[in-house]
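Heads up: the structure comes next, in structure tokens.
Lettering of chains follows the sequences in order, A, B, ..., and the numbering in each one begins at 1.
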Number of protein chains: 2
Amino acid sequence: MAEDGSPEGGTKPLSRIQARNRRRILEAALDVFSQAGFRGATLDQIAERAGMSKPNVLYYFDSKDSIHVALLNALMSRWLAPLERLGTRAGEPPLDALMAYIRRKLEMSFEMPRESRLFAGEVLQGAPRMAPHLDSTLKPLFDEKCALIRRWVDEGQLATVDPEHLLYSIWAVTQHYADFEAQVGALTADQATARERAATHVDALFFRLLAPRQKT
Amino acid sequence: MAEDGSPEGGTKPLSRIQARNRRRILEAALDVFSQAGFRGATLDQIAERAGMSKPNVLYYFDSKDSIHVALLNALMSRWLAPLERLGTRAGEPPLDALMAYIRRKLEMSFEMPRESRLFAGEVLQGAPRMAPHLDSTLKPLFDEKCALIRRWVDEGQLATVDPEHLLYSIWAVTQHYADFEAQVGALTADQATARERAATHVDALFFRLLAPRQKT
DNA sequence: CCGGTTTTTTACCGTTTGGTAAAGGGACGA
DNA sequence: TCGTCCCTTTACCAAACGGTAAAAAACCGG
């Protein structure tokens, strides 16, 4: 709503060149912020990677801060989309739905590591620029899906599990491959099969936790 | 070995006041670095929290960089101690040893969140100041313990599991509570029982993965 | 109390950084 | 040809930052 980058934050129709340049700035900023953190990134780096001068960047965004906020806002929905879809496919067994969610999150960790690291860096430092979003956007979604999982457990379609901590561990395990890529890359012996083995491992980890025990 | 902070890095005996002030600086730096990241932290902040002037801090450490490196070095052993102990208790069943390791790591995440976040921030940005340690210290230890776990699996004392990714997921899940504390704190409904429920959940998650299936 | 060493402070420097002012360029209609 | 609107550049600034010089203060054995 308010991540407009044009000089005045009005509700202008947003010209073609504006859209293109803002996209380029955000793309460059994602590179720089995710690699160096907010404080470690500089406007000059962002400008250079976006192929324009620093004042030109500041023509499209009011400040370094607003670039960061715009990025976070723009990425939030993409990042939470899989969770939003969880349990919306009619007739899908809960275990299948959860395992599909987990697999999708793992895929995203490998395919969108910059986004993962951007969020990780922000939360790591206390989420100073994301607190409103955590409360207004993530919290309701989180509570809704926790209630859904709790229902599934009560119906006996899942093994007994703490929904909150289940989601925490899903996020932790999947995002680990993006956020700690430097470590994983230094330790993993066989890089070629790493992704496939990660998928197999994560699948087993959560399947054995979630598959309902045989009923009495 | 080389994290000496005195003006010259010789092998001086290190006086009482030197030890005290260096400890105070490192304590303050742990606060500041873990909260703001390397680039986000300033010498003035560290000096203020240590209760001394900026030049006085630089009397004990050559540079901001050397404080960070000294911190990393000093913390590395404490952080890896539980992994080093894994499997050294004679006669302990492998499953018990691993579960004890996991519980200890989770405790550390709650009791030493600053240390966890310091490492996380460093790795998140590509581990620029820790790469040597990853290769020389962590890698051999990691390989050794992976071999140990693989042996346990082959002996049928653990369920089939990928040792590398098992350790990754243990680290991911346990450290998540420290590294993403801002998020967990914003989402968790009942803060009072959070730690206990985390322990129960993590226990179940890994026990169900690792407990050997009934033999044929 | 003294002389030398260690520790701490004051004052300062050069660079980097986020941000601004203002002029220039290009496209387009009248 | 002129004006004008949107975009871009050049030149610049004040603050913050890591770090240094050098003098003052505190410490300590004799």
By nearest atom, which of the nucleotides [options] is closest to the [X] side chain?
X	options	value
A:Ser63	D:dG19, D:dT9, C:dG19	C:dG19
B:Leu58	C:dT8, D:dT10, D:dG19	D:dG19
B:Lys64	C:dT8, D:dT20, D:dG18	D:dG18
A:Tyr59	C:dT8, D:dC7, C:dG19	D:dC7
A:Ser53	C:dT8, D:dT9, D:dC17	D:dT9
B:Pro55	C:dT9, C:dT20, C:dG18	C:dT9

Look at the side-chain N and O atoms of [X] and state whether any lies under 4.0 Å from the OP1 or OP2 oxygen of [N].
X	N	value
B:Asn21	C:dT8	yes
B:Gln18	C:dT6	no
A:Asn56	D:dT10	no
A:Arg39	D:dC17	yes

Problem set entry | Ion pair A:Arg24/A:Glu27, N-O distance below 4.0 Å | no

For this session: Determine, for B:Glu111 against B:Arg195, whether the closest basic-nitrogen to carboxylate-oxygen distance falls under 4.0 angstrom.
Result: yes

In whole angstrom, give the distance that lies between atom [atom1] of [X] and atom [atom2] of [N].
X	N	atom1	atom2	answer
A:Asp65	C:dG19	CG	P	8 Å
B:Arg22	C:dT6	CZ	P	14 Å
B:Asp44	C:dT16	CG	C1'	15 Å
B:Ile25	C:dT7	CD1	P	12 Å
A:Asp62	C:dT20	CG	C1'	13 Å
B:Arg24	C:dT7	CZ	C1'	12 Å
B:Lys54	C:dT10	NZ	C1'	12 Å
B:Leu43	D:dG18	CG	P	5 Å

Exercise. Hey, which of these two, A:Met52 or B:Phe38, hits DNA chain D nearer its 5' end, going by closest nucleotide?
Worked result: A:Met52

Seminar exercise, completed: Given the options A:Arg129, A:His133, A:Met130, A:His68, A:Asn73 meets side-chain contact (heavy atoms from CB on, under 4.5 Å) only with A:His133

Exercise. Which residue, B:Val57 or A:Ala41, contacts DNA chain C at a nucleotide closer to its 5' end, judged by nearest heavy atom?
Worked result: B:Val57

Exercise. Using 30° and 60° as the class limits, which term best fits the ring planes of B:His165 and B:Tyr168: parallel, tilted or perpendicular?
Worked result: perpendicular

Exercise. Quick one: are A:Phe180 and B:Gln175 in side-chain contact, heavy atoms under 4.5 Å?
Worked result: yes

